[in-house]
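Position 1 is the first residue of the sequence, and the numbers go up from there.
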Amino acid sequence: MSVQVGQTAPDFTLFNTEKKEVTLSALRGKNVVLVFFPLAFTSVCTAELCALRDNISQYVALNATVLGISVDSLFTLDKFKSEQNINFDLLSDFNKNVSETYGTIYEQFAFGMKGVSKRSAFVVDKEGIIRYAEVLEDAGKIPDFDAIQHTLNQLA
């Protein structure tokens, strides 16, 4: 089951593409947008993360930090981030712990793959409370970025 709106966001520490640890609770005082995505280099994931990249100034203006999370290795994410000029942290949940904790993991995915992050988005407020949660079963769909920004506007 996914975490729910109103709950405290489960804390985690993951490595970013610069091989530095990023801890959710260390970002208290800022709103955080967590975007889980299945796999780097796929068409829908690329479109989704590039849309975030192209609109990052809107998130920054709302005192929000965007974090992309997938089960890809940090080396794969580094290459993807570089090739797509992604301007926010991508975090490797290679061991799938965070995806499982947030209830956003496919037991079975395409081509026999198991344990791939579901496309989903969460807004965590400055106090660490989940204010928006969207977990998509269909990996071909993208989270509702308008609803995410609306939530951030309400928190501003």
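- Between Glu18 and Lys81 there is a salt bridge, since a side-chain N of the basic residue sits under 4.0 Å from a carboxylate O of the acidic one.
- Aromatic ring centres of Tyr132 and Phe122 lie farther apart than the 6.0 Å criterion allows.
- Note on ring orientation: taking the six-membered ring where Trp is involved, the planes of Phe41 and Phe80 are perpendicular (angle over 60°, cut-offs 30° and 60°).
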Worksheet item: Between Lys118 and Leu136, does a side-chain contact (heavy atoms from CB on, under 4.5 Å) hold up when you go through it step by step?
Response: CA-CA 6 Å; Lys118 291 180 182 178; Leu136 300 168; over 6 Å; no
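- In this structure, Leu49 and Phe37 have side chains that are in contact, with non-hydrogen atoms separated by less than 4.5 Å.
- Note: Leu14 CG to Leu91 CG = 5.5 Å, rounded to the nearest 0.5 Å.
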Discussion item. Show, in sequence, the C-alpha distance, side-chain angles and deciding distance for Ile130 and Gln4, and conclude whether the side-chain contact (heavy atoms from CB on, under 4.5 Å) test is met.
Written reply: CA-CA 7 Å; Ile130 302 279; Gln4 302 295 313; over 6 Å; no
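- Proximity of a side-chain donor or acceptor of Asp72 to a complementary backbone N or O of Leu77 within less than 3.5 Å is not detected.
- Counting only heavy atoms from C-beta outward, the side chains of Ile129 and Gln7 never approach each other to under 4.5 Å.
- The backbone N or O of Val135 lies less than 3.5 Å from no partner atom in the side chain of Tyr102, so there is not a single donor-acceptor pair.
- Residues Thr23 and Phe12 are not in side-chain contact: their nearest non-hydrogen atoms beyond the backbone lie 4.5 Å or more apart.
- In this structure, Asn95 contributes its side chain and Asn97 its backbone to no donor-acceptor pair below 3.5 Å.
- Leu67 and Val35 fall into different hydrophobic clusters, defined by Ile, Leu, Val, Met, Phe, Trp and Tyr side-chain heavy atoms under 4.5 Å apart, directly or through other members.
- Taking the side chain as every heavy atom from C-beta outward, Val123 and Leu155 approach each other to under 4.5 Å.
- With contacts defined as side-chain heavy-atom distances shorter than 4.5 Å, the pair Ile56/Val66 qualifies.
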Practice prompt. Could you give me the CA-CA distance, side-chain angles and deciding distance for Leu62 and Asn153, then say whether side-chain contact (heavy atoms from CB on, under 4.5 Å) is met?
Written response: CA-CA 7 Å; Leu62 294 168; Asn153 276 319; 3.1 Å; yes
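- Using a 3.5 Å distance cut-off with no hydrogens or angles, the side chains of Ser73 and Thr76 do pair a donor with an acceptor.
- Looking only at distances, no side-chain donor or acceptor of Asp93 sits under 3.5 Å from a matching main-chain atom of Val71.
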Worksheet item: Would Glu134 and Ser120 count as a side-chain contact (heavy atoms from CB on, under 4.5 Å) if you check the C-alpha gap in whole Å, the side-chain angles of each, and the deciding distance to 0.1 Å?
Response: CA-CA 5 Å; Glu134 180 180 12; Ser120 53; 5.9 Å; no
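- With hydrogens and angles disregarded, no donor-acceptor distance shorter than 3.5 Å links the side chain of Asn16 to the backbone of Leu90.
- Between Ser99 atom OG and Phe36 atom CZ the span is 5.0 Å, to the nearest 0.5 Å.
- Minimum interatomic distance between Thr101 and Pro10 (heavy atoms only, all atoms of both residues): CG2-CB, 3.5 Å.
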Donor-acceptor contacts, no H, no angles, side chain residues 143-152, under 3.5 Å, sequence neighbours left out:
from   : atom 1 : to     : atom 2 : distance (Å)
Asp144 : OD1    : Asp146 : N      : 3.1
Asp144 : OD1    : Ala147 : N      : 3.1
Gln149 : NE2    : Gln58  : OE1    : 2.7
His150 : NE2    : Gln154 : NE2    : 3.3
Thr151 : OG1    : Ala147 : O      : 2.9

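- With Leu34 as the partner, the side-chain contact (heavy atoms from CB on, under 4.5 Å) test is satisfied by one option alone out of Thr104, Val98, Ile69: Ile69.
- Counted within 6.0 Å of NZ on Lys141, heavy atoms from surrounding residues, nucleotides or ligands total 12 or fewer; the atom is thus considered open.
- In this structure, the separation between OG1 on Thr13 and NZ on Lys20 is 15.5 Å, given to the nearest 0.5 Å.
- Inter-residue side-chain proximity for Lys79 and Thr17 is flagged as unmet; no heavy-atom pair is nearer than 4.5 Å.
- Grouping the Ile, Leu, Val, Met, Phe, Trp and Tyr side chains by contacts below 4.5 angstrom, directly or via other members, places Phe15 apart from Phe94.
- The closest side-chain heavy-atom distance from Val124 to Asn31 is not below 4.5 Å.
- Under 4.0 Å is where a charged nitrogen must lie from a carboxylate oxygen, and between Glu48 and Arg119 at least one such pair does.
- Val33 and Tyr59 get closest at one heavy-atom pair: CG2-CD2, 4.2 Å.
- In this structure, Thr46 contributes its side chain and Thr42 its backbone to a donor-acceptor pair below 3.5 Å.
- Between Cys50 atom SG and Asn85 atom CG the span is 8.5 Å, to the nearest 0.5 Å.
- Under the 3.5 Å distance criterion, the side-chain polar atoms of Asn87 are matched with a main-chain donor or acceptor of Arg53.
- A distance of 8.5 Å separates CZ in Arg28 from CG in Asp125, rounded to the nearest 0.5 Å.
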